[in-house]
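Predicted, not measured: the structure shown is a model, and the values here were computed from it.
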Amino acid sequence: MRVDVTSHPPPPAFEPLRRHPAVRALLAACGEAECHLVGGALRDHALGLGGARSGQTRRESIDTRRVPVRRGARRGWDLDAVVAGHGREIAERLAAALPARLVPLGGKEFAAYRLVGAEVTVDLWDREGAPLASDLARRDFTVNSFALELRGGGLIDPFGGIADLARRVLRATTPASFAGDPLRVLRLARLLVTLPGFTAEPATLELARQAAPRLSEVASERVREELWLLFDHPRAHLGLRALAALGIYPRLWLLPHQTADWPSAGQGPGAPQSIAAAAAAEIEAVPECAAELAGLAPAAAGEIDATAARLAASFAHLPGTAGGPAAALRRWGEAGYVTAKVLAEVAPLLDEDALPADEATRRHFLHRAGRRWATIVCSLGARAAGEPGRQRWRRDVAPLVELARREGENLFHPPRLLTGSEVQDLLGIPPGPEIGRALAALTAAQVEGRVHTREEAIELLTRRAHQQGSS
């Protein structure tokens, strides 16, 4: 494929980027080697969005199992650069200058290195004599497929990416953009979320729909990171609607134990849109519920994990699955689509059906939920359908917040009043499961407010042993 690699004057928006200390250090490390900036940092500066964001692109040749997950918007600047040879030497010089940790990434066609510094992450690609056009042609969308010459400042834009940025259109760089890496189907949905006001070209949407069934071939950790980036964004509801339009949601959510076939959602043709609409509405309601809860319990505001609530919403409305939404999420965990840590944060949001409506159940709710209670409450509020449901949530949340304020620490982690050995001596029983059952009964009594002191604990267990002995 022949492409025009004529250098054009760059937009003024790129000048702050060229003056960035990390870019100056990169240019110095390159020496005489040809070097270009590419990818998300250029795109965002062309849009006037300033620093690099989490919308960075990655080439499919990278072994992502060796790559530490990065969160661009949280770490600071993320930069992508392409050099024409001497990649290892340039990476080592740049690592010393920033300073940064050097991580070799590997690659099928290009050597690649990651420089991880305190304020910037640089991905450095060595095209090793291959034409720059070859690198740009392998990128996903035209808005990521132009390059800025670091030394001369010229812009190489063979696929019309700058014009597409002005039109706010996502267009596949080539007809083969999705064929080499089906993960780009998910990236399309994410960019529609992270790039404000963008739409996708119809032909690109069709290419993405055709590639969607091959997502089952993509390594689960790559799918996991892309989806996490999507749900980490406040406008994740737009991404979910895009996934439904591409035929991915809810099918991918039902996929984990399918390795070759792209499963049917098991519903009529309108069902995926209906499921997506309900899930998107719940995601969209998360900020409102979080704000209401923060108004009642300011101290709990920092404990609300909105990303976990958004991810839970994507499972809450799935069609009938064995074990319900929480079981579907756990199957995702078994397949590697969520980490054990994320699973531990999200599953409790799906295990609860409604807020407790009386004192006893409120106490046990707070004990089960622990520090996650605010996120669970926020999630249940977002899930409450219609104004009547939201009114019930408001009615039940106030006394729960008051109980958490008054006794939260004692309910989350009741103080240890007796040790296992003390229970063994008190009851005169050998080591075994009965010790655990006695301690569990004591904890339950503390949660219910029936036991507060060591003396009351001894009395409870003595009475319990007597009742068991006489029955």
Side-chain angles (χ1 to χ4, degrees), residues 53-55 69 71-74 186-196 223-246 248-255 272-294 300-318 321 324-326 328-333 337-353 355 369 371-385 389-390 393:
R53 296 145 53 91
S54 59
V69 173
R71 302 282 178 257
R74 296 176 181 175
L186 297 182
R187 190 172 298 147
L188 172 62
R190 175 165 62 83
L191 289 177
L192 289 171
V193 168
T194 58
L195 297 180
V223 173
R224 178 177 71 212
E225 180 176 349
E226 196 67 38
L227 288 174
W228 180 259
L229 289 171
L230 189 155
F231 283 102
D232 200 33
H233 198 282
R235 294 197 302 269
H237 57 282
L238 301 178
L240 200 69
R241 291 191 179 107
L243 293 178
L246 291 169
I248 296 169
Y249 181 81
R251 290 179 176 179
L252 181 62
W253 273 238
L254 305 173
L255 185 66
Q273 285 72 28
S274 174
I275 296 165
E282 180 175 334
I283 291 171
E284 202 167 2
V286 167
E288 179 186 344
C289 291
E292 287 194 44
L293 181 57
E303 302 291 334
I304 298 173
D305 185 343
T307 303
R310 289 190 284 262
L311 184 56
S314 72
F315 282 89
H317 303 274
L318 292 180
T321 57
L329 173 67
R330 292 183 176 95
R331 286 192 289 273
W332 252 41
Y337 287 134
V338 291
T339 65
K341 181 179 179 181
V342 171
L343 182 63
E345 295 296 325
V346 178
L349 279 62
L350 295 168
D351 285 331
E352 300 288 347
D353 295 324
L355 288 182
R371 289 293 182 186
R372 300 186 186 94
W373 77 271
T375 302
I376 296 174
V377 168
C378 177
S379 180
L380 289 171
R383 198 168 305 152
R390 189 64 62 81
W393 177 80

All side-chain contact (heavy atoms from CB on, under 4.5 Å) counterparts of A189, not counting sequence neighbours: L230, A242, L243
Passing candidate, side chain to side chain contact (heavy atoms under 4.5 Å, CB included) with T307, options T375, V342, D232: D232
For F231, ring-ring contact (aromatic ring centres under 6.0 Å, His included) partners two or more places apart: none
Those residues that, when tested against E288, pass side chain to side chain donor-acceptor pair (under 3.5 Å) (two or more places apart): R390
Side-chain heavy atoms of D305 within contact of L349, under 4.5 Å: no
Euclidean distance, W228 CH2 relative to E226 CD, rounded to 0.5 Å: 14.0 Å
Worked check of side chain to side chain contact (heavy atoms under 4.5 Å, CB included) between L229 and T194: CA-CA 9 Å; L229 289 171; T194 58; over 6 Å; no
Heavy-atom side-chain proximity of L227 to Y337 below 4.5 angstrom: no
Heavy-atom closest pair, residues V377 and W393: O-NE1, 3.0 Å
Set of residues satisfying side-chain contact (heavy atoms from CB on, under 4.5 Å) with respect to A294, sequence neighbours excluded: A301
Where P250 and L318 come nearest, the two heavy atoms and their spacing: CB-CD2, 3.7 Å
For the student: nearest non-hydrogen atoms of Y249 and A276, plus distance: CE2-CA, 3.6 Å
Euclidean distance, I376 CD1 relative to E303 CD, rounded to 0.5 Å: 12.0 Å
Minimum heavy-atom distance E282-A382, with the two atoms named: O-CB, 3.4 Å
Smallest separation among heavy atoms of C289 and C378, with atom names: CB-O, 3.8 Å
Residues which pass side-chain contact (heavy atoms from CB on, under 4.5 Å) with L238, listed by chain and number, not counting sequence neighbours: V193, R235, R241
Candidate pair V346 and V338, rule side chain to side chain contact (heavy atoms under 4.5 Å, CB included), full reasoning: CA-CA 10 Å; V346 178; V338 291; over 6 Å; no
Non-hydrogen atoms of P325 and L350 that approach each other most closely: O-CD1, 3.9 Å
Those residues that, when tested against A306, pass side-chain contact (heavy atoms from CB on, under 4.5 Å) (two or more places apart): V286, R310
Parallel, tilted or perpendicular: rings of F315 and W332 (30°, 60°): perpendicular
Distance, nearest 0.5 Å, that separates CG of L293 from CD1 of I304: 4.5 Å
Salt bridge (charged side-chain N to carboxylate O under 4.0 Å, His left out) partners of residues 343-353, not counting sequence neighbours, each pair once: R330-D351, E345-R372, E352-R368
